[in-house]
Amino acid sequence: MSDILKKIGDTLTDAGKTVGEKTKQVGSVAKMNAKIISCEHSISENYAILGKYYYDTYKDNPAEEIADTVNAVTASIETIAELKSELLAIKGLVKCQKCGSECPFEDTFCGKCGAELEKPEPAEEEEVEEFEEIDEAAEEEVPNIVVVDGDSSDENTAE
């Protein structure tokens, strides 16, 4: 009987050691995966910084391989500016050119910095149909992104 109890005890001890080792292994794997994800996130952020730097520096004269992508970014920036301006008009607000605060359209001076507010020329009454056209155009206009992988003769286009 004592042999049976000893074997059961040994089996439980071995099982406990195995479970402990597996738990340690799972913890190590989780830590490594977290570090990998953190590094990948850092790479993505740095790619974005590099891309913005390139765009800001060379937007007027981009390399031929990525001119379409630079132009797509420029077009998107312009579209966003127009949409934000329209959104402010719908809200009855105007943006201060000096500090960026949103002020009521009827104000002459900015309530935050005191600068005189530049008011856009009044637009004709817009109908709901026009906003539907903007929505449809925004859905159709997907920027053409060119991926350059070191060889300028091999371009991949994502749509």
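Note that the structure is a prediction, hence the values are computed from the model and not measured.
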Indicate, with yes or no, if Tyr58 and Val73 share a hydrophobic cluster defined by side-chain heavy-atom contacts under 4.5 Å among Ile, Leu, Val, Met, Phe, Trp and Tyr.
yes

So how far is it from Lys91 NZ to Glu102 CD, rounded to the nearest 0.5 Å?
5.5 Å

Pairwise distance CG(Asp3) to CD1(Ile8) - rounded to 0.5 angstrom:
11.0 Å

How close do Lys95 and Gly100 get, heavy atom to heavy atom, and via which atoms?
CE-O, 3.4 Å

Glu118 CD to Cys110 SG distance, which is reported to the nearest 0.5 Å
12.0 Å

Can you tell me if Thr74 and Tyr55 form a side-chain donor-acceptor pair at under 3.5 Å?
yes

State the NZ-OG1 distance between Lys6 and Thr13, to the nearest 0.5 angstrom.
9.0 Å

Short side-chain to backbone donor-acceptor contact, Lys119 and Phe105, under 3.5 Å
yes

Stepwise side chain to side chain contact (heavy atoms under 4.5 Å, CB included) check, Leu93 with Cys103:
CA-CA 5 Å; Leu93 300 172; Cys103 305; over 6 Å; no

Look up atom OG in Ser85 and atom CD1 in Ile80, then write down how far apart they are to the nearest 0.5 Å.
13.5 Å

Note, Tyr54 side chain near Pro62 side chain (heavy atom, < 4.5 Å):
yes

dist Leu12:CG -> Leu5:CG (nearest 0.5 Å) comes out at 10.5 Å

Would you say Thr108 and Leu117 make side-chain contact, with heavy atoms under 4.5 Å?
no

Linking I/L/V/M/F/W/Y whenever their side-chain heavy atoms sit closer than 4.5 Å, directly or via other members, would Phe109 and Leu88 fall into one cluster?
no

Can you list, pair by pair, the side-chain donor-acceptor contacts under 3.5 Å of residues 31-51, counting residues two or more places apart and other chains?
residue, atom, partner, partner atom, Å
Asn33, ND2, Val29, O, 3.4
His41, NE2, Glu45, OE2, 2.8
Ser42, OG, Asn46, ND2, 3.4
Ser44, OG, Glu40, O, 3.2
Asn46, ND2, Ser42, O, 3.0

